[in-house]
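This report concerns only the one structure given below.
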Protein chains: 2
Amino acid sequence: MSVQERKQRERAERERLIVATARELAAEQGWDAVTTRRLAERIEYSQPVLYSHFRGKREIIGAVALEGAAEMAAALRAATAAADGPRARVAALARSYLDFAERNPPVYDAMFQLDGGLAFASEDTPAPLKDAFAALLEGLGDAAGDDVHPALFAEVFWAALHGLVTLTRAGRLPPEEAERRVDLLVDRLALV
Amino acid sequence: MSVQERKQRERAERERLIVATARELAAEQGWDAVTTRRLAERIEYSQPVLYSHFRGKREIIGAVALEGAAEMAAALRAATAAADGPRARVAALARSYLDFAERNPPVYDAMFQLDGGLAFASEDTPAPLKDAFAALLEGLGDAAGDDVHPALFAEVFWAALHGLVTLTRAGRLPPEEAERRVDLLVDRLALV
DNA sequence: GGCTCGATCCTAGCGCCGCTAGACAAGTGG
DNA sequence: CCACTTGTCTAGCGGCGCTAGGATCGAGCC
């Protein structure tokens, strides 16, 4: 069986290569430049090979999004763990979120802007996505206050962060004021 | 000169037809279905005619976005004018914004999700876009509080609303709770 | 060791996209 | 009546996502 196992390993390896290359290409030249032809050329296989791993381009985007979700969850947890006190924790969470989006624009796009064909709010939502939201929920802790359901609070807080990311990226919000916006958001929304 | 004037009128009329048809097609089948070929067929002209009015597809999307911005500005002003008291005004503004996005998904997408080639935060930002933000700013009035610049406050409030729209559309936030989220946003963010 | 056969991968191509060059008809001014 | 501008169309370019069908190659059996 060793031969089959080796083949499976190689296959999995190649799948990782595809996702990593797609991400790399997107980081260098944007998602528009990520075409199946270019991607195939970079991994030094022909186009149809991509389709033996993924149903189509959407699924490749989705794979990048899942990778990103896992990384974001880790980043959020690391940031909140290092913070001291409730307010600092919420602020660190917010900064960490914005920071992640700024450092990985194509990954963030894959997660929220592009169609990666991922189910979001259903039972078959992929685990990494659920976990990223869980990390958000943990970090916010009891900043929701007694009169508001924590999940609802997390949703609104998340929406605000996501809006900041989107509008900043669109060139609508000058980056210099980012810090002040985070302060405003944390000071007013969170009860800490 | 009458002949030339008539021609100009007809030309302007056809341009409106193009934009309206693009919007209609997007509303019926989504922006993916808005191709230059289909659009040309619907207006009963050939493809190149589109390019005598717009530089390309992006500009057509941009035109729909501008139309949408003007409508949104009007909707926001109407909603805030009808509201009584500062808190009601802010709440009406928020509901009106979300309502607009829900009623006109493709238009909202043209404004904020797609690339319409519009300059956003510079001196040559088209007037309708500036005006829409102005309407937002007016509606929020002095809900910013004394310690926060009104424009900065408007940006954050807007970002939160935009995030709610995006995440709701992505299926991430259940629509039933929309009202409660608006309440949370208004109660905490606005000082009224 | 030679052969069969299934897995694996590639070449070629389909239908569609955004966009444009160049032919052609219609209307205007001399 | 003719030259010419203006407006529109036909046809086609390069590139897209995706797939059918043929070639190749290595594993497993006699």
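Convention: sequence-line order gives letters A, B, ...; per-chain numbering from 1. Both backbone and side-chain heavy atoms feed into the values below; hydrogens, waters and symmetry mates do not.
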Is the distance from OP1 or OP2 of C/dC9 to the nearest side-chain N or O of A/Arg14 less than 4.0 Å?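 So the side chain of A/Arg14 is within the cut-off, an N or O lying under 4.0 Å from OP1 or OP2 of C/dC9.
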Short N/O separations, protein against nucleotides 21-25 of chain D, under 3.5 angstrom:
none

Closest nucleotide of DNA chain D for A/Arg55 versus for A/Thr35: which of these residues is on the 5' side? A/Thr35
Roughly, in whole Å, what's the span from [atom1] in [X] to [atom2] in [N]?
{"X": "A/Asp32", "N": "C/dC17", "atom1": "CG", "atom2": "P", "answer": "17 Å"}
{"X": "B/Ile60", "N": "C/dC17", "atom1": "CD1", "atom2": "P", "answer": "14 Å"}
{"X": "B/Glu13", "N": "D/dG7", "atom1": "CD", "atom2": "P", "answer": "17 Å"}
{"X": "B/Tyr51", "N": "C/dC19", "atom1": "OH", "atom2": "P", "answer": "4 Å"}
{"X": "B/Glu41", "N": "D/dT10", "atom1": "CD", "atom2": "C1'", "answer": "16 Å"}

Between B/Arg42 and B/Glu28, does at least one N-O distance fall below 4.0 Å, as a salt bridge requires? yes
Between A/Lys57 and A/Asp32, does at least one N-O distance fall below 4.0 Å, as a salt bridge requires? no
Is the shortest heavy-atom distance from the side chain of A/Arg77 to the side chain of A/Asp131 under 4.5 Å?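 They are in contact (side-chain heavy atoms under 4.5 Å apart), so the answer is yes.
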Could you tell me if the side chain of B/Pro175 sits less than 4.5 Å from the side chain of B/Arg169, heavy atoms only?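 The answer is no; the side chains never approach within 4.5 Å.
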Measuring centre to centre across the rings, with the benzene-like ring taken for any Trp, is [X] within less than 6.0 Å of [Y]?
{"X": "A/His53", "Y": "A/Tyr45", "answer": "no"}
{"X": "B/His162", "Y": "B/Tyr108", "answer": "yes"}
{"X": "A/Trp158", "Y": "A/Phe112", "answer": "yes"}

Looking at D/dC18, C/dC17, C/dG18, which one has an atom nearest to any side-chain atom of B/Arg38? C/dC17
Looking at the side chain of B/Thr36, which of D/dG17, C/dC19, D/dT8 is the nearest nucleotide? C/dC19
If you go through the side-chain atoms of A/Arg37, does one of them form a donor-acceptor pair with the base of D/dG15 closer than 3.5 Å?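 Per atom types, no contact qualifies.
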Quiz item: A/Gln47 side-chain donor-acceptor pair to D/dC18 base, under 3.5 Å: yes
